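A note on names: the letters A, B, ... follow the listed sequences, proteins ahead of strands, and every chain is numbered from 1. Predicted model only: the values in this text are computed from it and were never measured.
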Number of protein chains: 2
Amino acid sequence: MARIDLGQITRLSPATVTAITSDLLDQGLILSLESEEPKTHQARGRPRTLLKLAPGAVYIICARLSVNNIDLSLVNFAGEVVRDKRTKFDSAKADASSFPGALTSAIRAFLEEAGVDPSHVCEIGVAAQGVVETETGQVAWSPAFSGRKIPIVAPLQDAFAAECYISNDTNMITEALHWSDPSRYSGTFAVIMLDYGVGMGLYLNNQLFSGASGTAAEFGHANHIPGGALCRCGKRGCLEAYLSDYALVRAASHLPEDTDPVTIKAGVSGLAQLLERAGSGDADALDTFQEAGRVLGYGIARVIAMIDPKRIVLTGAAVRAFSFMEQSMWEGLEEALVADLRNNFSLDVMPWNEDFIRSGLIAQSMERLDKDFLGAASQRSRRIGRADSEELSA
Amino acid sequence: MARIDLGQITRLSPATVTAITSDLLDQGLILSLESEEPKTHQARGRPRTLLKLAPGAVYIICARLSVNNIDLSLVNFAGEVVRDKRTKFDSAKADASSFPGALTSAIRAFLEEAGVDPSHVCEIGVAAQGVVETETGQVAWSPAFSGRKIPIVAPLQDAFAAECYISNDTNMITEALHWSDPSRYSGTFAVIMLDYGVGMGLYLNNQLFSGASGTAAEFGHANHIPGGALCRCGKRGCLEAYLSDYALVRAASHLPEDTDPVTIKAGVSGLAQLLERAGSGDADALDTFQEAGRVLGYGIARVIAMIDPKRIVLTGAAVRAFSFMEQSMWEGLEEALVADLRNNFSLDVMPWNEDFIRSGLIAQSMERLDKDFLGAASQRSRRIGRADSEELSA
DNA sequence: GTTATTTTTTTTGGTGCCCGAAAAAAAGTT
DNA sequence: AACTTTTTTTCGGGCACCAAAAAAAATAAC
């Protein structure tokens, strides 16, 4: 990118851009590409000298926690993943309280292998399943720690000079969407995850929303149908009791409703089996999906009435079954919500992709970097120009 | 307030405060109280010279629109109401399209009576019932205009030099709460209004939330009980179909469910009558309130699961019936939501007061003034100090 | 091949906002 | 009267930014 473009984007004068970039060049944070000549289509005039972020100057670390693994990624300042690693942590065997230490050493080992000095890491982002308290930097409840409350951010902060944070995985998907396509995913939108549980991510007024105690967007339990199906939370009529994979298998196989969700070996295989049954016309499977779709419609109605999102994104492993649920979903939506409100949003159905969590961590880290280091610059542009935000998003 | 305090609050150095205040003194926007000596308890040292906002320098106008009236208030820079006036506008008789003109002339006449030059007015805030599109400055649907879409902000903007805006009345109540007691009403909280309809105001992440198209927080229609009571929106099982005054009267008097809400003369008198019946032990009235309370509990459960507010405020004319609904409300909440989520919030039941709408307009106007004129100062303090926000809120 | 034109980058010389340090002011204390 | 305390003001300076001019590096025109 040329200096003149940077000036356009940040709304700083060419003079200021020169001053700042020459500072950054001295610090080695950016590089000038004078040697290579990409010969742009530009006709005449002094050619632009392109600048790029120095690849090795600043790194970000992304950690994704699942039941058995710590997945680490080393990301450079340009947002490119440089290196990946999976470290085993069997939460069934090991004591959950040893986890923070295990995470710190895993990161240390990872950096050593990559030959990166820990002092060059300036952000460490962690994504976990379950209920995450962003403010206190703890995992309040997660299947990975069999429900125990584990502090994550504080131990990391002690061990590394980097800024550390932790967030919910669904929230990271939401952030990833905004990062990958800001023109489509901006302002106010909702992400609904159909998986083992049923989660939701909310992006409101151009920022991630996680509620007063960080447990907002509990879409799976935000529905309530009096006297409805039994949920593993103990209540009746939750969305999860119709839509999560164990609930789908339970309903389609006519298992007693108090069957322990764990004994229903649902997961990926159970869902695949159910999809097969539905594909071959099995009435029980089709009925189950239809009922699930209707309840999903109710849930979407609720989100629209409460939040009024521009867009709702449906994703998670279970979207593969969307074709079996679509019709009844629209019917449920129509049954539950007046047309005026119903027509103000669009629905994206997005095939599920695990990498989104990492993208979200990258996006979040980048934004935090922005705030911490370039805060002054972004404030400037905000103060001066409230005009064309299009140009800014480019 | 003394200069030294201003420095503390804004995190500016005493030198800068002196520079800025002497500017403002020259401009006549603030006054120095050197003559009066309030003899504070301060022991020694150079006495503080208190500064105050100049009463006549800058004015705000607040306009509240109801079915028959335009209620105007003139507010000075200190947030004190200087003058009030009610202007009739019979929306049943007059054409709705003549309303913007009527509003402009009402304001002009009001200013003339008050002897205030229109150029000294720097904010005009309008609050309306119904569906308000804040972005476009229009009333999209309101009982006051029999459902017609009326532009409000543009005509005002043309007629006056002031910054103009329009907002929903429930949103203004939400803003008023934050303004009146920021320590209690900050961060993320919800306001539920029980009235002719059932409205909600959401304050999320320290800002008013109104959704992508400005129609968020449709609490009255966010509930859905399959096969439930018929709502005037045409759907079944909305909260409004149980909780609004017409629904209460309808249920307690066993009127057919398709009775036109307008013919049910509910309003204040209908509700008062119902309260009397309940007070004297009328079983139908008591049952009605009990059912309403249970459904309210469902609705609150939904808000908690979706939004996770720190606090929920219950207000509106119908809170007078709260004692008849309370028990079943808690039962409904317990039925619909798992305890972990249920215990994270507190409930305020607040007697309804019409003045809250005006307070909200004042608060909103003040905040806008802050942004427009003092933006630089507040950015400064944000950049420098992320420490004790308590001091700032003082 | 020289000159004009176009476009980007750099230099120069401010301007405005803010701060720290020191001084001044206005009291009380000893 | 001298010292202490607290608030306010003055003064010199730093930082971030900008406008305008100059420089640089290419193409276009003659």
Is the distance from OP1 or OP2 of dT7(D) to the nearest side-chain N or O of Arg48(B) less than 4.0 Å? yes
Side chain of Asn206(B), backbone of Gly187(B): donor and acceptor closer than 3.5 Å? yes
Does a side-chain N or O of Thr18(B) approach OP1 or OP2 of dT8(D) to a distance below 4.0 Å, or not? no
Would you confirm whether Asp181(B), through its side chain, and Tyr185(B), through its main-chain N or O, come within 3.5 Å as a donor-acceptor pair? no
Which listed nucleotide (dG28(C), dT9(D), dG20(C)) is nearest to the side chain of Arg44(B)? dG28(C)
Expressed in angstrom and rounded to an integer, what is the separation of Leu50(B) atom CG from dA27(C) atom C1'? 15 Å
Out of dT5(C), dA19(D), dT7(D), which has the shortest distance to the side chain of Ser13(A)? dA19(D)
Whole angstrom value for the distance that separates P of dT10(C) from CG of Asp23(A): 13 Å
Between Arg46(A) and dT5(C), is there a side-chain N or O to OP1/OP2 distance below 4.0 Å? no
Quick one: does Thr174(B)'s side chain get under 4.5 Å of Leu202(B)'s, heavy atoms only? no
Give a yes/no answer on whether the side chain of Ser22(B) brings an N or O atom under 4.0 Å of OP1 or OP2 in dT9(D). no
Below 4.0 angstrom from OP1 or OP2 of dC19(C), is there any side-chain N or O of Thr16(B)? yes
